[in-house]
Amino acid sequence: MKFIPESKLQGAAMPRMLAEFRANVVGQLVTQVGYVEISGEPYPALLLQNGMELVVQQDDECNGPGTITGWKADGSDEVCLCHTSIRR
């Protein structure tokens, strides 16, 4: 797997969103893996040692990439890596 250089990601907010996500996730240990219920549906999730829950979501039709959304139960942080495209 090769990470895409930030300069190739489309969207003016992408550098900020990526920095916020990294600040909350990089270096954290996964303490629990399972599913969380959102609107009556189960979603795969990871719980990190800092209390951040990472929830994996797909696009509306569940046929491609979507977002990884993270939040803390106390509502202090909410970050996500949304779907983007690559500049050619």
Residues in side chain to side chain contact (heavy atoms under 4.5 Å, CB included) contact with Val25, at least two apart in sequence or another chain
Phe21, Leu48, Leu54
Using the rule that two of Ile, Leu, Val, Met, Phe, Trp, Tyr join whenever any of their side-chain heavy atoms come within less than 4.5 Å, decide whether Ile68 and Leu29 are in one cluster.
no
Without swapping roles, check the side chain of Gln28 against the backbone of Asn50 for a donor-acceptor pair under 3.5 Å.
yes
Shortest non-hydrogen pair, Asn24 vs Met52, comes out as OD1-CE, 3.3 Å
Any donor and acceptor pair, going by atom type alone, linking the side chain of Thr31 with main-chain N or O of Leu47 inside 3.5 Å?
yes
Decide whether Val26 and Val79 are clustered together by the hydrophobic rule: side chain heavy atoms of Ile, Leu, Val, Met, Phe, Trp, Tyr closer than 4.5 Å, transitively.
no
Taking all non-hydrogen atoms of both residues, which atom of Pro44 and which atom of Tyr35 are closest, and how far apart?
N-CD2, 3.5 Å
Hey, which of Glu6, Lys2, Lys8 is the one that makes side chain to side chain contact (heavy atoms under 4.5 Å, CB included) with Ile4?
Lys8
